[in-house]
Student: 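Please see the structure below; I have some questions.
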Amino acid sequence: MTTATINALKPGKLLADGAIRPGAGSLKIRKRVTAGGVVCEWIFEWSRAGKTARQSVGRYSPVESPDALTLSQARAEAGRLQSLIKAGEDPLARRDAERHAARLRVDAEKEQIKHANEKNLSALLAAYVESLRLKHKTDSAYDAENIFANHVSKPFPGIASLPAADIQPQHISMILARLVGPEVEHKKGRTALKLRSYAGAAYKMALGAGIDPMAPAAAKEFGLTFNPVAAVPVTKMAAAFNRAGNRVLGADELRHYLAHVTALETDLPRLALQLQIVTGGQRMQQLLRLTHANVTDKSVNLYDPKGKRLQPRLHTLPVLPEIEEILVALMLLNPPANEESEAEAALFRSRDSIVALESISNTVQGISDAMLAQELTDTPFRAGDIRRTIETVLSETLMVSKDVRAQLLSHGLSGVQDRHYDKGKHLAAKTNALRLWNDYVADLCLDRPSQAGTHLERTNTVANE
């Protein structure tokens with residue numbers, strides 16, 4: 001057989017290659033007409049159980065081609081098939097076995113890709129959020145979920161979709177650099193530190209999930225070998241952004257801040273900041289989680305999850321007129337939806353979710369920038385400085401005792417006595433302290449001398465009971 005004899009072959013005819021010695025199969029070529037034109041194809045024939053068996057080897061090409069065989073290539077393949085037959089193997093059975101193995105490999109690769117897609121970074125972070133909810137750390141879960149959404153999933157969808165096991169320290173560094181990098185004008189250091197902490201905890205949880213009988217099922221089978229977050233240095237960030245705050249607004253600054261809050265056009269941020277003021281500086285994250293079920297005519301129940309407690313600590317506040325006015329406005333603004341229980345009806349609902357803590361922080365940042373521009377202050381401040389300012393006024397100006405402030409603001413209550421024995425709500429002391437504070441705020445807003453002194457004796461009497 002030569003190239004010339006192949007070219008001379010008529011359609012429908014079959015030509016054997018005399019160069020292939022018979023006995024263990026023969027090589028033939030067949031020319032036929034197809035819709036795409038005339039083609040030549042190689043066929044290998046051999047005797048199997050007294051019958052002729054045929055196997056297509058491929059199409060013919062006079063020159064080397066990725067999807068066809070030249071004469072010399074077809075002869076080499078025929079020689080390989082003859083060797084199989086001589087060794088007692090069936091080429092068709094061998095071909096079917098190879099095809100089956102190839103299908104299994106493809107299926108395994110598809111399953112691996114599917115598993116990797118399901119066990120991506122987003123899934124790992126979501127599993128961590130769910131683990132916080134299972135531990136009743138609802139505030140932390142809400143905070144982590146928002147931070148992951150706003151600073152991982154939305155700005156870095158490509159990284160978020162990578163298998164969690166493929167995430168490298170460089171990916172984490174890139175995510176954090178968006179918040180604190182040298183080119184970032186308004187750095188969000190605290191957010192970056194919290195993001196690193198939450199993400200590191202998520203990886204730590206998943207790394208140990210395989211042997212932890214209490215780990216959530218969603219945290220398992222990520223195929224992790226190390227924690228990429230732990231490899232990202234935190235010392236410089238912590239030194240720059242994790243310092244204890246010491247910014248306290250002066251009386252004039254506080255007055256201007258209150259005026260700017262009142263002038264806010266958006267209802268929910270305004271009401272959130274006003275509620276923090278009239279409740280004596282409660283943690284904003286706890287206020288934002290309030291529902292209709294948390295409010296009665298005489299009290300409002302907050303839940304403090306801080307620390308290592310498994311159940312949030314109930315923190316009850318009295319409802320003063322100033323507090324009631326804001327709560328009523330929130331209830332009218334966000335009544336329970338159809339078939340929604342009061343426990344599910346959030347007071348700070350915005351569309352389909354709760355107002356994000358970061359949104360309130362940005363609002364305070366905007367007020368700080370506006371006051372700087374108007375030369376009403378010469379030092380910027382942030383949301384956390386408001387709570388510090390209120391407690392400083394309670395302490396130094398209004399002389400509210402440390403014990404009463406601890407009960408009012410729900411901090412410094414981790415000792416044995418407070419955790420195990422003192423279960424009182426201290427509503428009388430909280431009422432007097434809040435009355436004293438709100439009277440001070442009223443005097444401040446009216447720019448008149450504070451009448452706080454007339455309340456001191458009554459408040460300190462209650463504090464020392």
Side-chain angles (χ1 to χ4, degrees), residues 1-123 158 161-168 210 217 220-225:
M1 183 184 296
T2 64
T3 301
T5 57
I6 294 173
N7 291 336
L9 188 64
K10 294 181 178 180
K13 298 296 182 178
L14 200 67
L15 179 65
D17 183 14
I20 299 296
R21 295 177 64 85
S26 60
L27 177 66
K28 297 181 179 182
I29 192 167
R30 177 174 60 187
K31 183 177 288 188
R32 61 190 181 90
V33 179
T34 68
V38 178
V39 297
C40 294
E41 56 187 4
W42 297 107
I43 296 173
F44 182 75
E45 285 187 357
W46 74 100
S47 179
R48 184 175 65 170
K51 295 182 179 181
T52 300
R54 286 179 177 160
Q55 178 177 329
S56 175
V57 176
R59 289 191 174 183
Y60 163 75
S61 173
V63 295
E64 291 188 6
S65 170
D67 54 357
L69 300 177
T70 63
L71 176 57
S72 61
Q73 289 173 329
R75 285 171 174 169
E77 177 62 14
R80 185 185 72 84
L81 294 174
Q82 283 183 327
S83 298
L84 291 177
I85 294 171
K86 290 175 182 179
E89 288 194 54
D90 186 337
L92 286 175
R94 176 70 173 267
R95 182 194 65 185
D96 292 342
E98 290 176 348
R99 287 178 176 177
H100 179 66
R103 283 196 297 269
L104 291 179
R105 285 196 300 272
V106 170
D107 290 343
E109 290 172 359
K110 288 181 178 179
E111 185 63 27
Q112 187 175 8
I113 293 172
K114 179 182 176 182
H115 183 271
N117 289 336
E118 291 175 349
K119 295 295 182 178
N120 57 23
L121 178 60
S122 287
S161 64
L162 289 175
D166 290 349
I167 295 296
Q168 299 298 313
K220 300 179 180 181
E221 299 182 358
F222 277 91
L224 305 179
T225 57

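Bear in mind that the values here come from a model prediction, so they are computed numbers and not experimental data.
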Student: Minimum heavy-atom separation for L92 and A53, please, with both atom names.
Tutor: CD1-CB, 4.4 Å
Student: Going by the rule side-chain contact (heavy atoms from CB on, under 4.5 Å), which residues pair with E64 if we only count those two or more places apart in sequence or in a different chain?
Tutor: T70, Q73
Student: Working to the nearest 0.5 Å, report the span between CG of L224 and NZ of K119.
Tutor: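 One gets 10.0 Å once the value is rounded to the nearest 0.5 Å.
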Student: Run the side chain to side chain donor-acceptor pair (under 3.5 Å) test against Q168 and tell me which residues pass, sequence neighbours left out.
Tutor: none
Student: What residues form a salt bridge (Lys or Arg N to Asp or Glu O under 4.0 Å) with E77, not counting sequence neighbours?
Tutor: R80
Student: So, taking the atom named OG in S26 and the one named CH2 in W46, what distance separates them when rounded to the nearest 0.5 Å?
Tutor: 10.5 Å
Student: Examine distances only and state if a side-chain atom of Q82 and a backbone atom of G25 form a donor-acceptor pair shorter than 3.5 Å.
Tutor: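 Between the backbone of G25 and the side chain of Q82 there is a qualifying donor-acceptor contact (under 3.5 Å).
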Student: According to side chain to side chain donor-acceptor pair (under 3.5 Å), who are the partners of S65, at least two apart in sequence or on a separate chain?
Tutor: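 For S65, the residues satisfying side chain to side chain donor-acceptor pair (under 3.5 Å) (neighbours in sequence not counted) are D67.
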Student: Output every pair passing salt bridge (Lys or Arg N to Asp or Glu O under 4.0 Å) with a member in residues 38-53, not counting sequence neighbours, ordered by first then second residue.
Tutor: K28-E45, R30-E41, R32-E41, E45-R54, R48-D90
Student: V33: what forms a side-chain contact (heavy atoms from CB on, under 4.5 Å) with it, not counting sequence neighbours?
Tutor: P11, V38
Student: Under 3.5 Å, sequence neighbours excluded: what are the donor-acceptor pairs made by side chains of residues 56-63?
Tutor:
residue, atom, partner, partner atom, Å
S61, OG, V63, N, 3.3
S61, OG, V63, O, 2.6

Student: What pairs meet the salt bridge (Lys or Arg N to Asp or Glu O under 4.0 Å) rule with one or both residues in residues 7-18, with sequence neighbours excluded?
Tutor: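 For residues 7-18, and leaving out neighbouring residues, the salt bridge (Lys or Arg N to Asp or Glu O under 4.0 Å) pairs sorted by first residue read D17-R75.
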Student: Say you draw a straight line from CD of E98 to CZ of R94; how long is it, rounded to the nearest 0.5 Å?
Tutor: 5.0 Å
Student: With rounding to the nearest 0.5 angstrom, report the CD1 to CZ distance, I85 to F44.
Tutor: 4.0 Å
Student: First locate atom CE of M1, then atom CG of L15, and finally report the distance between them rounded to the nearest 0.5 Å.
Tutor: 4.0 Å
Student: Does I6 offer a backbone N or O that forms a donor-acceptor pair with the side chain of K31 under 3.5 Å?
Tutor: yes
Student: Which residues pass the side-chain contact (heavy atoms from CB on, under 4.5 Å) test with T2, sequence neighbours left out?
Tutor: A4, T5
Student: Would you call L121 and F222 a side-chain contact if the rule is heavy atoms closer than 4.5 Å?
Tutor: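 Counting from C-beta outward, L121 and F222 never come under 4.5 Å.
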Student: With distance as the sole test, does W42 use its side chain to make a donor-acceptor pair with the main-chain N or O of L69 at under 3.5 Å?
Tutor: yes
Student: If you round to the nearest 0.5 Å, how far is CG of L71 from CD1 of I29?
Tutor: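 Separation between the atoms: 8.0 Å.
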Student: Sequence neighbours left out, what pairs pass ring-ring contact (aromatic ring centres under 6.0 Å, His included) with at least one residue falling in residues 69-107?
Tutor: none
